[in-house]
Amino acid sequence: MLRLGGRVLGLSSSRGGVARMFSSSGVLSWAGCDPSKQELGKVLNVVGGEWVEVTGHASAGDEAYVEVVDPMNGQVMAKVNEVGSESLHRYVSCLDACPKSGLHNPLKRPERYLLYGNVCSRVAEALNNPEVEAYFTDLIIRVAPKSRAQALGEVQVTRKFFENFCGDNVRFLCKSFVAPGDYAGQRTEGMRWPFGKVALITPFNFPLEIPALQLMGALFMGNKPVLKVDTKVSVVMAEFLKLLNHCGMPLGDLCFINCDGETMHELLMRSDPRNTLFTGSSRVAELLAKDLNGKIKLEDAGFDWKILGPDVPQKWEDIKYIAAKADQDAFAFSGQKCSAQSILFMHENWEENTEFLELIKERASKRKLADLTIGPVLSVNNEQIGQHIKDVLALDGAQLLFGGKPLEGHDIPGCYGAYEPTAIHVPIKTMLRNEASFELVTKEIFGPFQIVTEYSDSELDLVLEACERMNAHLTAALVSNDVLFRQKVLANTVNGTTYAGLRARTTGAPQNHWFGPAGDPRAAGIGTIEAIQAVWSCHREIIYDEGPIPKEVPPLS
């Protein structure tokens with residue numbers, strides 16, 4: 001039997017003795033909602049180590065709650081207790097209680113590294129339980145409608161992350177190094193040191209994976225974070241915090257706030273966190289970077305490219321696989337991924353020798369609302385999507401390849417978009433003709449939309465020019481096994497997470513490699529040892545000078 005916080009967790013025989021965290025009635029003992037019901041209930045805040053109902057913009061009670069509508073039918077789905085300006089002092093005081101040296105560090109309370117290693121073991125065990133896995137999968141589908149495979153993948157990546165940091169692996173994040181000094185008794189030790197109070201802001205598209213992985217990285221390193229998740233999906237992380245607490249995480253190690261962007265900005269200005277991790281819009285990222293005087297790490301939006309090299313596979317099955325991957329990269333979760341394939345550069349050999357675009361079109365046409373392989377677009381509405389399509393088609397030589405129409409026969413509310421998977425061909429010389437054309441073509445529409453263009457051998461430098469002129473450098477895919485071609489492209493591009501080879505993709509990043517942009521000193525990564533160290537700790541050097549003391553005092557110099 002495993003005892004956590006006074007509760008006893010019985011071990012079941014399923015999945016090799018995975019811990020079952022249920023009450024005698026069969027309900028998850030820590031869970032606060034039922035994903036199968038229309039109403040998911042109220043979402044509260046965490047401050048001072050407690051779940052609290054905080055005064056909102058009006059007054060305490062229902063008026064302090066924001067109603068979140070179901071993206072599939074427009075009905076009220078959850079009520080979120082959004083914090084107003086008048087209650088921010090509680091958060092400022094809570095964060096200020098954390099010293100610059102953090103809640104723990106290599107020299108202070110190192111036993112807390114072991115605590116978080118144990119928490120990881122218990123959470124990994126919980127997420128390996130089919131009922132717990134299904135609970136979070138269903139909850140993700142409710143708030144950010146995506147196919148079951150996509151939602152389940154998010155839960156599984158999160159589980160594997162926790163598996164990676166079980167036991168001693170949190171402690172190993174803070175390994176130091178020692179170099180000998182100039183004489184006996186002197187040595188220098190380099191350490192990973194926390195920042196202290198920090199902030200973490202995450203978007204709607206991955207309501208579990210992004211906030212969970214970044215939150216744990218902050219906690220592992222000894223920081224005290226305030227976490228803000230997009231209100232539309234914050235119920236997922238609220239439930240995950242309950243699981244974390246149930247598995248031994250002290251609730252007082254963090255703050256959890258539901259609020260609008262203006263209120264969060266005020267909190268950042270008043271609390272002055274030592275570091276802030278922001279994942280989301282590039283425009284907001286740049287504003288925060290200025291207001292926070294550069295004390296920020298960014299994983300901003302990406303206009304992500306895929307280049308198909310000149311070496312077209314000979315096997316039809318291989319071509320079909322690459323086309324399927326192109327459809328998946330562009331249109332899975334309706335294109336609402338920061339890693340989504342935004343533009344496809346296709347060598348002319350692919351057009352001449354294959355039916356590559358037809359294969360993508362055929363696969364995209366099979367995406368349906370019924371299984372959420374296409375679904376609501378939560379960041380832009382149909383009017384905005386339609387206007388962008390119209391603007392792009394007005395460019396010289398632009399041609400609609402497929403899509404271009406709103407979805408029909410649904411109850412998705414008008415505040416959200418609902419569009420067919422859409423692709424537009426734009427000649428590469430049109431794209432590069434002037435700044436206005438390039439800015440339009442490379443405008444990111446966080447939805448099921450991509451640009452397609454062709455190039456010849458003599459136009460490879462134009463492709464590289466386009467990659468150079470782009471402002472966001474998150475993910476990229478170079479679909480080629482031609483070593484010399486690949487070498488040239490990789491040597492002249494900068495995207496932080498780049499896949500290379502005939503199976504290259506832009507989406508589907510697991511927990512086992514760095515995921516994040518490059519080409520920017522503020523770039524943030526997620527998931528790996530290196531990402532956690534780079535985002536959530538800084539380098540501290542301690543030079544030990546312990547003697548023996550020389551007999552003679554050194555002369556003046």
Side-chain angles (χ1 to χ4, degrees), residues 5 43-56 60 81-119 170-171 173-174 191-202 211-212 214-229 234 237-238 240-242 244-259 263-278 288 291-293 295-297 532 535-538 540:
V43 182
L44 302 183
N45 302 273
V46 175
V47 65
E50 297 179 338
W51 287 97
V52 295
E53 181 184 64
V54 180
T55 304
N81 180 216
E82 284 206 341
V83 176
S85 177
E86 61 272 26
S87 298
L88 290 180
H89 65 279
R90 299 182 64 175
Y91 286 88
V92 174
S93 298
C94 187
L95 291 169
D96 282 347
C98 178
K100 294 178 181 178
S101 56
L103 298 177
H104 62 263
N105 61 51
L107 302 180
K108 180 174 72 174
R109 302 181 70 192
E111 65 275 8
R112 281 173 50 86
Y113 296 122
L114 306 183
L115 180 152
Y116 274 101
N118 291 334
V119 168
V170 174
R171 165 180 17 214
L173 283 168
C174 288
M191 295 182 175
R192 301 311 305 176
W193 213 256
F195 292 104
K197 58 180 178 180
V198 297
L200 169 56
I201 305 170
T202 64
Q214 292 289 17
L215 173 69
M216 298 314 296
L219 292 169
F220 290 164
M221 301 310 291
N223 302 289
K224 184 171 189 176
V226 56
L227 169 63
K228 178 198 171 340
V229 181
S234 65
M237 201 57 198
F240 196 69
L241 291 179
K242 293 172 186 175
L244 284 170
N245 184 221
H246 187 82
C247 290
M249 180 202 74
L251 204 56
D253 282 4
L254 58 86
C255 298
F256 178 58
I257 186 170
N258 296 293
C259 63
T263 303
M264 187 62 192
H265 185 271
E266 182 180 349
L267 175 59
L268 293 175
M269 296 300 99
R270 288 171 58 178
S271 63
D272 191 23
R274 306 284 296 169
N275 190 26
T276 295
L277 181 282
F278 177 80
L288 285 176
D291 291 343
L292 294 171
N293 297 314
K295 293 185 294 185
I296 193 168
K297 288 290 186 178
I532 292 171
V535 174
W536 296 115
S537 70
C538 59
R540 185 185 189 189

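One-based numbering along the sequence shown.
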Query - Audit row: L292, M269, side chain to side chain contact (heavy atoms under 4.5 Å, CB included) steps and yes/no - result: CA-CA 8 Å; L292 294 171; M269 296 300 99; 3.5 Å; yes
Report summary line: One should read off an interatomic distance between D96 CG and K224 NZ, to the nearest 0.5 angstrom, of 9.5 Å
Query - F195 versus S537, closest heavy-atom pair with distance - result: CE1-N, 3.5 Å
**Report entry** Those residues that, when tested against P194, pass side chain to side chain contact (heavy atoms under 4.5 Å, CB included) (two or more places apart)
**Finding:** N105, N223
Query - Heavy-atom check, side chain of L241 versus side chain of L215, under 4.5 Å - result: yes
Query raised in the report: Pick one: which of V52, V54, V47 meets side-chain contact (heavy atoms from CB on, under 4.5 Å) with V83?
Result: V54
Report summary line: In this structure, NZ of K295 is separated from CG of L288 (nearest 0.5 Å) by 13.0 Å
Requested in this report: Check salt bridge (Lys or Arg N to Asp or Glu O under 4.0 Å) between R270 and all other residues, then give those that pass, not counting sequence neighbours.
Outcome: E266
Report task. Test side chain to side chain donor-acceptor pair (under 3.5 Å) on N81 and N258 and set out the steps. Result -> CA-CA 6 Å; N81 180 216; N258 296 293; over 6 Å; no
Query - Nearest-0.5 Å distance that lies between atom CG in D253 and atom SG in C98 - result: 9.0 Å
Query raised in the report: What heavy-atom pair brings A212 and F240 nearest, and what distance separates the two atoms?
Result: CB-CE2, 3.8 Å
Query - Validation row: C174, W193 side chains within 4.5 angstrom (heavy atoms) - result: no
Query raised in the report: Going by heavy atoms in the side chains, are S271 and V226 under 4.5 Å from each other?
Result: no
**Report entry** Side chains of P110 and H104 in contact at under 4.5 Å (non-hydrogen atoms)
**Finding:** no
Query raised in the report: Shortest non-hydrogen contact from G48 to C94?
Result: N-SG, 3.6 Å
Query raised in the report: Using the ring of each side chain (for Trp, its six-membered ring), is Y116 parallel, tilted or perpendicular to F220, with breaks at 30° and 60°?
Result: perpendicular
Query - Gap separating the CG atom of L267 from the CG atom of L88, nearest 0.5 angstrom - result: 5.5 Å
Report summary line: In short, L268 meets P273 closest at the heavy-atom pair O-CD, 3.4 Å
Query - Close side-chain approach of T263 to E82, heavy-atom, < 4.5 Å - result: no
Requested in this report: Answer yes or no: are there more than 12 heavy-atom neighbours, outside R112 itself, under 6.0 Å from its atom CZ?
Outcome: yes
Query raised in the report: What is the distance from atom CE of M221 to atom CG of N275, rounded to the nearest 0.5 Å?
Result: 12.0 Å
Report task. State, with a plain yes or no, whether a side-chain heavy atom of P211 is found less than 4.5 Å away from one of L200. Result -> no
Query - Where G248 and L115 come nearest, the two heavy atoms and their spacing - result: O-CD2, 4.1 Å
Query raised in the report: Given side chains that start at C-beta, do those of L277 and V198 come closer than 4.5 Å, heavy atoms only?
Result: no
Query raised in the report: Would a 4.5 Å heavy-atom cut-off, applied to side chains only, mark L173 and W536 as touching?
Result: no
Query raised in the report: How many angstroms lie between atom NE2 of H246 and atom CG of L251, to the nearest 0.5 angstrom?
Result: 13.5 Å
Requested in this report: Grab the two heavy atoms, one from C259 and one from K228, that are nearest each other, plus how far apart they are.
Outcome: O-NZ, 3.1 Å
